[in-house]
2 protein chains.
Amino acid sequence: MNKKPTIRDVAKQAGVSPATVSYVLNDVKKVSDKTKAVVLEAIEQLNYFPDFTAVSLSKKKSNLIGIMLPIIEDSPASVFKNNLYYNEFVSGVELVARNRKFDTMITGVGDLDECKNWIMKRNIDGLIILGMFPESLYNELKNINIPIALIDTYEDYTNLFNNVKVNDEYGGYLAAKHLVELGHRNIAFVATNLAMSPVDRKRYQGFEEALKEAGIQPSSKFIFETHDITFEDGAKVGKELLSSDHGITGIVTVSDVLAIGMIKAIQQEGKQVPEDYSIVGFDDLSICKYITPSLTTIRQDIFEKGKLAADQLVNAIESLNSEQKTIEMPVELIVRESTRSL
Amino acid sequence: MNKKPTIRDVAKQAGVSPATVSYVLNDVKKVSDKTKAVVLEAIEQLNYFPDFTAVSLSKKKSNLIGIMLPIIEDSPASVFKNNLYYNEFVSGVELVARNRKFDTMITGVGDLDECKNWIMKRNIDGLIILGMFPESLYNELKNINIPIALIDTYEDYTNLFNNVKVNDEYGGYLAAKHLVELGHRNIAFVATNLAMSPVDRKRYQGFEEALKEAGIQPSSKFIFETHDITFEDGAKVGKELLSSDHGITGIVTVSDVLAIGMIKAIQQEGKQVPEDYSIVGFDDLSICKYITPSLTTIRQDIFEKGKLAADQLVNAIESLNSEQKTIEMPVELIVRESTRSL
DNA sequence: GACCTCCGGTTAACCGATTAACTTATTACT
DNA sequence: AGTAATAAGTTAATCGGTTAACCGGAGGTC
């Protein structure tokens, strides 16, 4: 392969200065149509395209947007292994980013410094942060002057950062209300970690509200927590729930993945869904339709969420739109086979 | 935030030249321990770390490895939406890359030029290519002198590129043999596209061999093809198979995702798995254990595959290991509930 | 003492773009 | 006609590092 041509090669070929080539490339109005044509011809002939590394260095803009995913402590191994949620979200981001000429880099982040360095090192132009990180991160982030979009966050940073979230409270409400309307009274709530996850808390608030509306007294006995969001965790909490039965007939979970794991555990213990337990997931992952019984769930459009986040972020980067804003996406109850009337 | 310190700031602070700082940073032996200590102290004080963009430009090395995923033509929208396989693979790559101080960039590639540009633009140090692309790509790739690892490819490029694959033929063989041993005679083979996919062809070869061994004449009537690998495609081909029934009782698929879609379609038509149809998947995605019936499948360790690919690639980049090599990973039959003895 | 070799550093060119400042030719205006 | 404004380029510094080439001094050898 002959070496990649540089802007100077193009300039020589076209008989102009490198600056002129650069102006053509960047659509600066200084260049006459005639010269522009000559330059474009040379670019074509040499099959030239600019080196982004050099562009980044001199423009101090990388055309790179970063996605930070939390790493659960005891599985730092896999950033998004098994996690269908991340999967769909990232796809949405990638799509919009590509269309808008940005590349996407993903990192799983344990250590905070590692993350800050990553942003600075690579001259990331904008950052999407999924899920919760320790509070100190957000404080640090204030000092980094690149646009940031926070996804699924409830801390008091919404005036500082862009935000995309879902109406979690209403989601929890819809799920519980659905079960209540089907006649269930003893309804469990399965979260990952209420203390740590504001998203889970919001969903629980909605859940509680629906119960109260129906005159049911919420009880902490009906709250179950897992550590991570995996099928295995779901199965584990499922067994737990079965053995500590308080007459539970309905289950609201914060994730389809957990719900799927729970269904399996329930079946393995010789019980049936929805005959013995009605269960509602959250997210509406594409797998939901394909398990047996298919999963009743609270739908959120994760793919769309990714697209919105990317769009919001790129707008901010190109400051088409400088003030921070929060987008709240709707949720919707999707009734399938995993719930039934008592 | 005060501006990010540069190497010249550090040099000034330490009272040495920028070159010396660079040598310290790169562990070049020229620097005395005393000076080194002074420089490190200055680095610490200023909280300095090198700008990768600048490093990339001057070293012509980006510490970036690229992953190219094929985009199916009519779903260019989503690079790896729904695709649990990509998911696990990419996680493996990301893990190893991060440990070895590389960042990972992912792109879905429709257009070839787009891809070539991407590699050049970003100064990608090494490339992992998943799945099949048009032949012309590989010819182009020969001219790009960065290490490349091809995953799941059977074209005649194995001497030019690194390679990680799975023993697909044996996988197909195992799946078919399992069904044969259970007494099945009319066994369908469900592929995406035999003409296009060498991987599918290999698996089919093994499949055919097992049939022949058992004295069963393979017939093209038992071959079904989908377009893409999605649950929906699986369901569609499932309906097709049911309506064109040639007394089929066993099904071998090239993907768990297709198998899961098929199972749903079969159930929806009022038939049962494994009572009416025994079905074998391929991959052993984590979801397999959690559907009902749980899926008998040919296991390959996709996560490990990603790790191996990344390791191989980084070795090549750092030329610890310059000759190209092919790694073939084993497969294994995992018997679960979706197959039964006739 | 003359010569050579290391050692530990510095200088400055360079990677491939961008862009502020400058130049020159042309057009516009009074 | 004289001056200002504009159009169309060029020059050269710069982004933040790397690294080949150079350099002075200490130590070793004969």
Side-chain angles (χ1 to χ4, degrees), chain A residues 2-40 42-43 46-64 101 117 119-125 146, chain B residues 2-40 42-43 46-64 101 117 119-125 146:
Chain A
N2 9 18
K3 246 172 87 288
K4 186 177 153 186
T6 73
I7 202 169
R8 289 167 228 272
D9 298 326
V10 174
K12 197 178 299 172
Q13 169 94 357
V16 299
S17 73
T20 303
V21 178
S22 176
Y23 290 138
V24 170
L25 252 25
N26 291 286
D27 257 328
V28 178
K29 59 260 145 254
K30 304 183 77 159
V31 189
S32 71
D33 288 352
K34 201 169 98 223
T35 310
K36 187 184 249 176
V38 174
V39 170
L40 288 174
I43 287 176
L46 298 180
N47 187 27
Y48 165 83
F49 40 87
D51 182 317
F52 267 44
T53 309
V55 175
S56 299
L57 182 59
S58 73
K59 279 197 183 162
K60 304 195 139 303
K61 174 167 188 300
S62 59
N63 266 264
L64 221 45
K101 309 297 172 210
N117 288 356
I119 298 171
M120 305 284 273
K121 258 173 26 188
R122 294 284 182 195
N123 286 122
I124 303 283
D125 289 336
I146 60 172
Chain B
N2 13 14
K3 245 172 89 282
K4 187 176 151 186
T6 73
I7 201 170
R8 290 168 225 270
D9 298 327
V10 174
K12 196 177 300 170
Q13 169 95 357
V16 298
S17 74
T20 302
V21 177
S22 176
Y23 290 136
V24 170
L25 252 24
N26 292 286
D27 257 327
V28 177
K29 59 257 144 261
K30 301 184 77 157
V31 189
S32 72
D33 288 352
K34 201 170 98 221
T35 310
K36 187 184 250 176
V38 173
V39 170
L40 289 174
I43 288 176
L46 298 179
N47 188 27
Y48 165 84
F49 41 87
D51 181 319
F52 267 42
T53 309
V55 175
S56 298
L57 182 59
S58 72
K59 280 198 182 162
K60 304 193 139 302
K61 175 164 187 301
S62 59
N63 267 265
L64 221 46
K101 308 298 172 208
N117 288 359
I119 297 171
M120 306 283 274
K121 259 171 26 187
R122 294 284 183 195
N123 287 121
I124 303 283
D125 289 336
I146 59 171

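Heavy-atom distances to DNA chain C give each of A:L25 and B:T35 a nearest nucleotide, and the one nearer the 5′ end belongs to B:T35.
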Test log, rule side-chain contact (heavy atoms from CB on, under 4.5 Å), inputs A:Q13 and A:V21: CA-CA 11 Å; A:Q13 169 94 357; A:V21 178; over 6 Å; no
Let me see the working for B:V24 and B:T35 under side-chain contact (heavy atoms from CB on, under 4.5 Å), right down to the final yes or no. CA-CA 9 Å; B:V24 170; B:T35 310; 5.8 Å; no
Please report the C-alpha distance between A:L64 and B:R122 in whole Å, then the side-chain angles of each, then the deciding distance to 0.1 Å, and finally whether the side-chain contact (heavy atoms from CB on, under 4.5 Å) criterion is met. CA-CA 10 Å; A:L64 221 45; B:R122 294 284 183 195; 3.6 Å; yes
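Rounding to whole angstrom units, CG of residue B:N63 and C1' of D:dG17 are separated by 14 Å. Distance NZ (A:K121) to P (D:dG16): 17 Å, rounded to an integer number of Å. One atom, NZ of B:K29, and another, C1' of C:dC6, lie 13 Å apart when rounded to the nearest Å. With rounding to whole Å, B:I7 atom CD1 is found 14 Å from C:dT11 atom C1'. Nucleotide D:dC15 holds its P atom 12 Å from the CG atom of B:D51, rounded to whole Å. Between B:N123 atom CG and D:dG17 atom P the separation is 17 Å, expressed in whole Å. In this structure, B:K36 atom NZ and C:dC7 atom P are separated by 14 Å, rounded to whole Å. In this structure, the NZ atom of A:K12 is 15 Å from the P atom of D:dT10, given to the nearest Å.
To the nearest 0.5 angstrom, A:T6 atom OG1 is 7.0 Å from A:Y48 atom OH. With rounding to the nearest 0.5 angstrom, the CZ atom of A:F52 is 13.0 Å from the CE atom of B:M120.
Backbone-only engagement by B:S32 is indicated by non-hydrogen atom pairs under 4.0 Å involving sugar-phosphate atoms exclusively. In this structure, A:V28 reaches neither bases nor backbone, as no heavy-atom distance under 4.0 Å exists between it and the strands shown. When heavy atoms are screened at a 4.0 angstrom cut-off, B:T6 is found touching the sugar-phosphate backbone but no base atom. Using a 4.0 Å heavy-atom distance criterion, B:F52 is classed as making no nucleic acid contact. Backbone-only engagement by A:V16 is indicated by non-hydrogen atom pairs under 4.0 Å involving sugar-phosphate atoms exclusively.
When the side-chain nitrogen and oxygen atoms of A:T20 are compared with OP1 and OP2 of D:dT10, one or more of them lie within a distance under 4.0 Å. At the phosphate of D:dT18, OP1 or OP2 sits under 4.0 Å from a side-chain N or O atom of B:S22.
The side chain of A:N26 sits closest to C:dT18 out of C:dT18, D:dG17, C:dT11. The side chain of A:P50 approaches C:dA17 more closely than any other nucleotide in the set C:dG9, C:dA17, D:dG9.
Under a 3.5 Å cut-off, the side chain of A:D125 and the backbone N or O of A:S62 do form a donor-acceptor pair.
Under the side-chain contact (heavy atoms from CB on, under 4.5 Å) criterion, A:A14 pairs with A:V16, A:V38, A:V39, A:A42, sequence neighbours left out. For A:N123, the side-chain hydrogen bond (donor to acceptor under 3.5 Å, both in side chains) test picks out B:T53, with sequence neighbours left out. Applying the side-chain contact (heavy atoms from CB on, under 4.5 Å) criterion to A:S22, with sequence neighbours excluded, gives A:I7, A:N26. By the side-chain contact (heavy atoms from CB on, under 4.5 Å) test, B:S58 is found to be paired with no residue, residues two or more places apart in sequence or in another chain being considered.
Listed by residue number, B:L57, B:S58, B:K60 are the residues of residues 53-62 of chain B with a heavy-atom contact under 4.0 Å to DNA chain C.
Axis angle across the helix from C:dG1-D:dC30 to C:dT30-D:dA1, with five pairs used at each end and values rounded to 10°: 50°.
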Polar-atom pairs under 3.5 Å, protein N or O versus N or O of nucleotides 21-23 of chain D: list them with distances, or write none.
unit_1: D:dA21; atom_1: N6; unit_2: B:K30; atom_2: NZ; d: 3.3

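Residue pairs meeting the salt bridge (Lys or Arg N to Asp or Glu O under 4.0 Å) criterion with at least one member in residues 14-25 of chain A, sequence neighbours excluded, do not occur. Applying the salt bridge (Lys or Arg N to Asp or Glu O under 4.0 Å) test to pairs two or more places apart or on separate chains, those with a residue in residues 50-59 of chain A are A:K4-A:D51. Each salt bridge (Lys or Arg N to Asp or Glu O under 4.0 Å) pair with one or both residues in residues 11-27 of chain A, not counting sequence neighbours, appears once here: A:D27-A:K36.
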